[in-house]
Amino acid sequence: MRMLETSATFLRGHFSRRIFTIPTTTLNRLINDHLRDNGLVEARRLFNQNPTLLDKSTWNMMITAYVQRGLMLEAHEVFDQMPVRDVVSWNTMFLGLKKTRDPERVIRFFLEMRRSGLNPDELTIPAIIDAVSGSGFKVLIMQIHTLAIRLGLSLSAYTGSSLLRGYTSLRNLRGLERVFEDILLKDVVSWNVLITGYMKLGFVEDGERAFSEMPERNIITWHTMLIGFINNTKIDKARELFNQMGQKNVFSWTVMINGYVQSRELKVALMLFQEMVESGNYRPSHYTFSTVLKACAASSSLLMGKQVHSMITKRGMACDVVLSTSLIDMYAKAGDITAASGVFKFMPMKNPASWNSMIGGLARHGLGVNALEEFKKMIESGYKPDQVTFINLLSACAHTGLVEEGEKQFMLMGRFGIAAEKEHYACMVDLLGRAGQLDKAERLIKGMPFEPDVVIWGALLGACGLHSCLELGEVAAEGISRLRREHPAAYDVLCRVRGDKGDWTSVMELRKLMKKTKAKKQDASSWIETLT
DNA sequence: CTAGGGTTAG
C-alpha cells in the first residue's frame with residue numbers, strides 16, 4: 001500500500017510537469033492495484049489522465065468497479081468513452097442493467113450491441129434471457145434461443161440453465177426438456193434448474209425422476225425438491241425428504257417451517273422451529289424469524305411471539321424493517337395492540353408496509369379513529385399509501401361505523417394514483433351494508449368495473465342478514481352459488497371481519513356456504529400450552 | 001477483465 005502511494009505521487013508529479021514517458025503497463029497495473037484495493041476514486045483519477053494509454057481490460061475493470069457498486073451512471077460514462085468495446089464490456093453492462101429491472105432498456109442495449117457487429121457469448125445470453133423472462137417481452141425467449149443455437153451457445157451449461165429458466169417462465173415443458181438435452185456437459189446446476197422447471201410447471205413426478213437420475217446432488221438440489229413439493233401441496237413428501245437430508249442448514253429448516261405455514265399447519269411449524277432452536281446447531285436468519293412470526297400471527301400465539309421478539313432483540317436484529325413489520329403484525333393479530341404500537345413507535349426507519357401493518361392492526365381492534373389518525377401521520381411524513389393502505393383504512397371505517405369518512409377515503413384513492421380494486425369495493429359494500437344502506441351497496445356492486453366475487457356477495461349477504469332484507473339477500477346468495485368454487489382465503493377474510501364484531505349470524509351463514517362449496521378453513525385454537 | 005441454481009414483511 002505504501003509502495004502504491006509512492007508510485008501514485010510519482011506519477012502525478014510527472015504528469016503535472018507534462019512528461020509522458022510512463023510505460024503503459026505501469027499505468028494499467030497501477031489502476032488495477034487501486035481497484036483491487038478499493039481505491040476507486042484514485043483509480044479514476046489516474047484513468048482520466050490519459051485514457052488513450054489504457055488496455056481494454058483496464059477499461060473493463062473500471063466498468064466492473066462501478067457496476068459492482070451499483071453506480072450505473074458512472075459505468076455508462078466509462079463505457080461510452082471506451083474507444084473499442086468488446087464482449088466483456090457489454091456483458092458487464094448487462095450485469096449492471098439487470099438490477100434496474102428494465103427489460104426494454106436491456107433489449108435496446110442488446111440490439112445496439114448486435115448493430116456494432118459483436119456476437120453474444122455464453123454470458124450475454126443469460127443476461128438477456130433473465131431480463132425478459134417474467135416481463136411482457138418473454139416472447140423473445142424463443143428467438144434468443146434460436147440465435148444461441150446458431151452460435152453454438154446452447155451447448156453451454158451456463159447458457160443452457162438460463163434457457164431452462166426462460167422456458168419455465170413460458171410454461172413450455174417440451175422446450176424445457178429440449179434445452180436440457182442440448183446441454184453438452186450437464187452439471188449440478190443444470191439438473192437443479194431442470195427440477196425447478198418441472199416443479200413450477202406442476203410435473204412433480206418428472207422432478208422426482210430427475211432427482212433420482214442425476215449423477216450428483218448438492219444441498220441446493222434438496223432445497224429445490226423441498227420447495228417443489230411444498231408449492232405443489234405435498235408437504236408430507238417434503239417432510240419425508242427433509243428427514244432424509246444428511247446435511248441440513250438454516251435454509252433447510254426455514255424452507256420446511258415456511259412450508260408448514262403455507263399449508264396452514266401452524267402448530268407443526270412452530271414445533272419445528274422449537275426443535276431447530278433447541279438443537280443448538282443453527283442460527284435462525286431473518287427469513288426464519290419472519291416465517292415464524294407469521295405462524296405466531298396466524299395462530300394468535302402471543303407467548304411464542306414474545307419469545308421470538310426477545311430472540312430478535314438479543315441478536316441485534318430489532319432494527320430490521322422487515323422483522324419489525326412482522327412483529328407489529330404478529331402483536332396486532334395475537335391481540336396485543338399496545339405492544340404492536342410500541343414496536344412501531346420505536347422503529348428508526350419505517351416504510352409503507354410498516355404503516356400498513358399498524359393501520360391494519362388498529363382496524364382489526366376496532367380502533368378506527370386511531371387508524372385514521374395514523375393514516376394522516378403517514379401522509380404527513382411523506383409516505384405514499386398503496387392499495388393495502390386503503391383496504392386497511394376502509395375496513396377500519398367499516399368496523400367503527402364511520403360511513404361518511406369511509407366514503408370520503410374511497411373517493412380520495414384516485415388522487416394518490418390508486419385504482420379501486422375488488423377488495424376496496426368489498427370493504428365499501430361491507431361499510432354501507434352494515435350501516436343499513438343496502439340499496440347504495442347494491443348500486444355500488446352494479447357500477448363496479450368487474451364481476452363481483454364471493455367476498456363482495458358475501459359482504460352483501462351478511463348485511464342483508466343483519467338487516468333482515470331477504471329479497472336482496474337472495475340475490476347475493478344466488479350470486480355466490482353461480483360462482484361455485486372460489487378461493488378459500490376469500491371466506492377467511494370475511495369471516496374474520498365478521499367474527500371480530502361478534503356478528504355471528506353472518507359467520508354462520510358463511511360457514512354453511514363454505515361447507516357447501518368445500519372451502520377449508522382451519523379451526524381457530526390456542527395451543528400455547530402445548531408448546532411451552 | 002464479465003459468470004448460472006434454492007426462502008422473508010401488509
Side-chain angles (χ1 to χ4, degrees), chain A residues 28 31-32 35-36 54-65 67-68 75 86-96 98 121-127 129-130 156-166 168 183 187-197 199-200 218-228 230-231 249-259 261-262 284-294 297 320-330 332-333 351-361 363-364 385-392 423:
Chain A
N28 279 296
I31 292 173
N32 294 352
L35 287 178
R36 246 195 304 281
L54 302 170
D55 292 344
K56 227 182 242 177
S57 68
T58 307
W59 282 91
N60 288 336
M61 279 179 75
M62 205 67 212
I63 298 174
T64 304
V67 162
Q68 279 171 352
D86 63 4
V87 196
V88 177
S89 332
W90 288 93
N91 287 347
T92 310
M93 287 302 288
F94 282 126
L95 204 67
K98 212 163 67 175
D121 69 358
E122 67 202 309
L123 264 71
T124 320
I125 302 291
I129 296 276
D130 287 339
S156 136
Y158 190 88
T159 297
S161 67
S162 80
L163 287 166
L164 290 171
R165 263 173 283 132
T168 302
I183 299 173
D187 59 13
V188 204
V189 180
S190 325
W191 284 94
N192 287 349
V193 181
L194 176 73
I195 293 175
T196 305
M199 292 301 200
K200 281 204 175 137
N218 60 14
I219 195 157
I220 296 177
T221 316
W222 291 83
H223 295 157
T224 307
M225 289 299 290
L226 289 185
I227 293 159
I230 289 164
N231 289 339
N249 61 19
V250 190
F251 197 105
S252 334
W253 286 87
T254 308
V255 166
M256 200 62 231
I257 293 167
N258 190 38
V261 177
Q262 269 172 248
S285 67
H286 291 222
Y287 293 98
T288 321
F289 284 130
S290 160
T291 298
V292 172
L293 284 174
K294 203 187 205 171
D320 185 282
V321 189
V322 175
L323 287 185
S324 304
T325 304
S326 305
L327 278 169
I328 295 166
D329 191 50
M330 182 278 293
K333 286 186 178 153
N351 67 13
S354 24
W355 286 94
N356 289 346
S357 283
M358 195 61 241
I359 294 170
R364 176 181 302 273
D386 58 16
Q387 313 97 288
V388 182
T389 317
F390 280 100
I391 292 172
N392 289 336
E423 288 94 332

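Labels below follow one simple rule: chain letters A, B, ... track the order of the sequence lines, proteins then strands, and each chain is numbered from 1.
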Nucleotide nearest [X] (side chain, heavy atoms from C-beta), chosen from [options]:
X       : options                : answer
T196(A) : dA9(B), dC1(B), dG6(B) : dG6(B)
T254(A) : dT7(B), dA9(B), dG4(B) : dT7(B)
V255(A) : dA9(B), dT7(B), dG4(B) : dT7(B)
D121(A) : dT2(B), dT7(B), dC1(B) : dT2(B)
L123(A) : dT7(B), dT2(B), dA9(B) : dT2(B)
S161(A) : dT2(B), dG4(B), dG6(B) : dG4(B)
S290(A) : dG6(B), dT8(B), dG4(B) : dT8(B)

Is the ring of Y287(A) stacked on the base of dT8(B), with centres less than 5.5 Å apart and planes under 30° off? no

Would you say whether F251(A) stacks on dG6(B)? The test is a distance between ring centres of less than 5.5 Å and an angle between planes of less than 30°.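 Check passed, F251(A) stacks on base of dG6(B).
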
Listed partners of N231(A) passing side-chain contact (heavy atoms from CB on, under 4.5 Å), at least two apart: I227(A), Q262(A)

Using a 4.0 Å heavy-atom cut-off, does [X] contact any base of the nucleic acid, only the sugar-phosphate backbone, or nothing at all?
X       : result
L95(A)  : sugar-phosphate
A157(A) : base
V388(A) : base
D386(A) : base
V188(A) : base
N351(A) : base
I227(A) : sugar-phosphate

Residue K56(A) excluded, over 12 heavy atoms near NZ under 6.0 Å: yes

State whether the distance check finds a donor on one side and an acceptor on the other, under 3.5 Å, for side chain D130(A) versus base dG4(B).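 When only heavy-atom distances are counted, D130(A) does not reach the base of dG4(B) through any donor-acceptor pair under 3.5 Å.
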
Ignoring hydrogens and angles, does a donor from either the side chain of T224(A) or the base of dG6(B) sit under 3.5 Å from an acceptor on the other?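 Donor-acceptor pair under 3.5 Å: no.
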
Integer-rounded Å distance: [N] [atom2] and [X] [atom1]:
X       : N      : atom1 : atom2 : answer
F289(A) : dA9(B) : CZ    : P     : 16 Å
Q68(A)  : dC1(B) : CD    : C1'   : 11 Å
M93(A)  : dC1(B) : CE    : P     : 20 Å
L35(A)  : dC1(B) : CG    : P     : 12 Å
N60(A)  : dA3(B) : CG    : P     : 12 Å
D320(A) : dT8(B) : CG    : P     : 15 Å
W253(A) : dG6(B) : CH2   : P     : 23 Å
L327(A) : dT8(B) : CG    : P     : 18 Å

Kindly say if N91(A) contacts the phosphate of dA3(B), meaning a side-chain N or O under 4.0 Å from OP1 or OP2. no

For T389(A), the side chain to side chain donor-acceptor pair (under 3.5 Å) test, sequence neighbours excluded, returns N356(A), D386(A)

Quiz question: by atom type and distance under 3.5 Å, do the side chains of S357(A) and S354(A) form a donor-acceptor pair?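 S354(A) and S357(A) do not have a side-chain donor-acceptor pair below 3.5 Å.
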
Any donor-acceptor N or O pair under 3.5 Å, side chains N60(A), S57(A):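 Their side chains do not contain a donor-acceptor pair, so the 3.5 Å distance test is not met.
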
Nearest-0.5 Å distance that lies between atom CD1 in I63(A) and atom OG1 in T58(A): 11.0 Å

How close do L35(A) and M62(A) get, heavy atom to heavy atom, and via which atoms?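 Heavy atoms of L35(A) and M62(A) come nearest at CD1-N, 4.0 Å.
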
